[in-house]
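Okay, so here's the structure we're looking at.
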Amino acid sequence: MRIEGEGEIDEAAFDDAEEVLATVRRAAADAGLVTIVDGGGVLVGATALPVDPEGSRAARARLVDVVRGLETTIAARPGPSPAVQVVLVLHAAPAKVEGAPGQQRFAGGALLRLDEWTTGHSRGGLVITPAARAGIDEG
């Protein structure tokens with residue numbers, strides 16, 4: 001998320017940004033994601049996907065539905081600040097995962113190279129990367 005503007009950013013923009021982050025935190029927790037980054041206007045949640053191809057596809061399809069619902073919720077928020085630019089990115093990548101489900105720790109791998117998949121999205125909205133969409137029918 002970015003807050004854009006020249007000079008001083010008003011309180012309404014900061015309040016809106018905090019409300020968006022709170023909404024994203026709730027949605028990530030409800031979806032069973034583990035928060036791996038939360039600060040500076042950025043929240044990254046992750047989960048280990050099933051190893052089998054069909055299980056992985058089904059889990060990614062569920063997350064696509066979750067993030068599309070989150071996009072709708074954020075877009076419908078009352079009184080959005082024009083200075084707050086929200087970008088939701090859904091991505092899938094290999095990661096080294098330690099710990100039991102629900103208490104997982106992401107300890108390495110391509111997923112944690114955030115600059116490779118979180119940058120370059122100049123407009124707000126939803127970005128579902130090809131890796132996250134692989135094998136999912138678009139309707």
Side-chain angles (χ1 to χ4, degrees):
M1 176 170 30
R2 290 184 304 273
I3 299 179
E4 296 183 349
E6 295 185 24
E8 214 171 297
I9 304 300
D10 67 14
E11 188 175 334
F14 283 109
D15 289 347
D16 185 32
E18 188 52 44
E19 183 58 37
V20 168
L21 284 170
T23 299
V24 173
R25 285 183 193 106
R26 283 189 302 274
D30 290 348
L33 302 180
V34 174
T35 300
I36 57 175
V37 175
D38 187 356
V42 175
L43 188 129
V44 178
T47 189
L49 296 172
V51 177
D52 67 289
E54 182 54 31
S56 174
R57 189 208 62 76
R60 287 181 289 107
R62 181 184 67 81
L63 290 170
V64 166
D65 289 344
V66 166
V67 77
R68 284 184 174 151
L70 179 58
E71 177 188 34
T72 299
T73 298
I74 290 171
R77 72 192 186 274
S81 169
V84 176
Q85 301 297 312
V86 179
V87 179
L88 301 171
V89 181
L90 182 63
H91 183 62
K96 179 180 177 187
V97 182
E98 300 171 343
Q103 299 179 343
Q104 297 162 331
R105 181 176 166 271
F106 291 78
L111 183 68
L112 298 184
R113 292 193 289 271
L114 302 177
D115 60 326
E116 292 180 7
W117 58 271
T118 61
T119 58
H121 309 294
S122 59
R123 60 170 183 76
L126 174 59
V127 176
I128 302 173
T129 68
R133 279 194 325 259
I136 298 172
D137 295 330
E138 291 292 331

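All values below come from the heavy atoms of this structure, side chains included, with hydrogens, waters and symmetry mates left out.
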Considering non-hydrogen atoms only, spot the tightest contact between [X] and [Y] and give its length.
| X | Y | result |
| --- | --- | --- |
| Ile36 | Ala46 | CD1-CB, 4.1 Å |
| Ala92 | Ala131 | O-CB, 3.2 Å |
| Ala107 | Leu112 | C-CD1, 3.8 Å |
| Pro50 | Ala59 | CD-CB, 3.8 Å |
| Trp117 | Val44 | CH2-CG1, 4.2 Å |
| Leu114 | Leu111 | CD2-O, 3.5 Å |

For [Y], does its backbone N or O pair with a side-chain atom of [X] as donor and acceptor, under 3.5 Å?
| X | Y | value |
| --- | --- | --- |
| Ser81 | Ala83 | yes |
| Arg60 | Ala132 | yes |
| Asp16 | Pro80 | no |

Quick check for you: to the nearest 0.5 Å, what is the distance between [X] atom [atom1] and [Y] atom [atom2]?
| X | Y | atom1 | atom2 | result |
| --- | --- | --- | --- | --- |
| Leu90 | Ile128 | CG | CD1 | 6.0 Å |
| Leu49 | Arg57 | CG | CZ | 12.0 Å |
| Gln104 | Lys96 | CD | NZ | 14.0 Å |

Beyond-backbone contact of [X] with [Y], side-chain heavy atoms, under 4.5 angstrom:
| X | Y | answer |
| --- | --- | --- |
| Leu63 | Leu33 | yes |
| Asp115 | Arg113 | yes |
| Ile136 | Val64 | yes |
| Val67 | Leu126 | yes |
| Arg77 | Val84 | yes |

Pair Arg133-Thr129, side-chain donor/acceptor within less than 3.5 Å: no
Salt bridge (charged side-chain N to carboxylate O under 4.0 Å, His left out) evaluation trace for Arg25 with Glu19: CA-CA 10 Å; Arg25 285 183 193 106; Glu19 183 58 37; over 6 Å; no
Name of the residue among Leu70, Val86, Thr73 meeting side-chain contact (heavy atoms from CB on, under 4.5 Å) with Val24: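 So, applying the side-chain contact (heavy atoms from CB on, under 4.5 Å) to Val24 and each of Leu70, Val86, Thr73, only Leu70 qualifies.
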Residue Glu54 excluded, over 12 heavy atoms near CD under 6.0 Å: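 Above 12, so yes.
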